[in-house]
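Note sheet for the following structure.
One-based numbering, in listed order, for ligands and for the atoms of each. Any value given below was found using the heavy atoms of this structure, including those in side chains, with hydrogens, waters and symmetry copies removed.
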Amino acid sequence: MFSRSGVSERTFIAIKPDGVQRHLVGEIVRRFERKGFKLVGAVCCVQASEELLKEHYIDLRDRPFYGRLVKYMSSGPVVAMVWQGLDVVRMARTMIGETNPAESKPGTIRGDFCIEVGKNVIHGSDSVESAQKEISLWFHPEELMCWEDAAERWIYE
Ligand SMILES: Nc1ncnc2c1ncn2[C@@H]1O[C@@H]2COP(=O)(O)O[C@H]2[C@H]1O
């Protein structure tokens with residue numbers, strides 16, 4: 001097992017219903033995989049309940065778009081994933097781009113694949129604490145896999 005500290009950091013990533021409908025699943029998974037992060041959990045095509053989504057977005061409950069956001073997120077299948085690696089929470093957010101796609105640079109997922117904030121194709125945890133909360137909301141511990149990635153010695157110094 002690779003022992004460098006920080007390499008076991010995890011983040012929660014969800015491909016939203018619009019990302020699934022627009023056939024972006026392969027493209028998005030490919031980006032994280034090619035970066036060098038390790039996929040340790042995935043539920044492909046889960047229809048999230050309103051109850052789960054209300055809890056997931058609890059910090060936004062007072063925002064005017066909260067109801068619309070929960071409805072949009074429960075409107076079709078999502079792909080829920082846990083990715084692991086050094087500084088993965090921060091780096092995944094950089095790869096995703098800004099919350100508003102209009103402010104996201106080309107080369108980021110939102111910069112390349114979407115236009116409006118209400119249809120921004122992907123979610124990524126915004127902090128290590130949020131990641132831990134979101135992972136425990138979407139996954140049971142036994143659904144997360146510890147596996148040895150043979151490529152890790154070519155990814156980390
Ligand atoms: N002004 C807005 N209008 C609609 N949805 C929003 C707005 N701001 C944020 N959101 C949504 O709220 C979500 C919060 O985190 P996400 O990264 O999942 O992506 C965000 C958007 O989907």
Judged by non-hydrogen atoms, does Ile96 sit under 4.0 Å from ligand 1? no
Based purely on interatomic distance, does His123 place a nitrogen or oxygen under 3.5 Å from a nitrogen or oxygen of ligand 1? yes
Would you call Lys119 a ligand 1 contact, heavy-atom distance under 4.0 Å? no
Expected output: side-chain Glu9 to main-chain Val88 donor-acceptor under 3.5 Å: yes
Joint hydrophobic cluster, Val46 plus Val70, side-chain heavy atoms closer than 4.5 Å: yes
Identify, for atom 22 (O) of ligand 1, the protein heavy atom at the shortest distance, and state residue, atom and that distance. Lys16 NZ, 2.9 Å
Name the orientation class of the two ring planes belonging to Phe12 and His123 (parallel below 30°, tilted from 30 to 60°, perpendicular beyond 60°). tilted
Atom 12 (O) of ligand 1 has as its nearest protein heavy atom Leu69 CD2, 3.4 Å
Intermediate values then yes/no, side-chain contact (heavy atoms from CB on, under 4.5 Å), Val82 and Trp138: CA-CA 10 Å; Val82 179; Trp138 288 76; over 6 Å; no
Side chain, backbone, both or neither: the part of Asn100 lying under 4.0 Å from ligand 1 by heavy atom: neither
May I ask you to identify the nearest protein heavy atom to atom 10 (N) of ligand 1, giving residue, atom name and distance to one decimal place in Å? Phe65 CE1, 3.5 Å
Taking atom 17 (O) of ligand 1 as the point of reference, which of Arg93, Arg68, Arg110, Arg63 owns the nearest heavy atom? Arg110
among protein heavy atoms, the one nearest atom 15 (O) of ligand 1 is Tyr57 CE2, 3.7 Å
Tell me, which protein residue and heavy-atom name are nearest atom 20 (C) of ligand 1, and how many Å apart are they? Asn120 ND2, 3.6 Å
Would you mind reporting whether Phe37 and Asp149 have side-chain heavy atoms less than 4.5 Å apart? no
Answer yes when Arg31 and Glu27 have at least one side-chain N-carboxylate O distance shorter than 4.0 Å, and no when they do not. yes
Could you go through Asp18 and Phe113, starting from their C-alpha distance and side-chain angles, then the distance that decides it, and tell me whether this counts as side-chain contact (heavy atoms from CB on, under 4.5 Å)? CA-CA 10 Å; Asp18 48 325; Phe113 300 121; over 6 Å; no
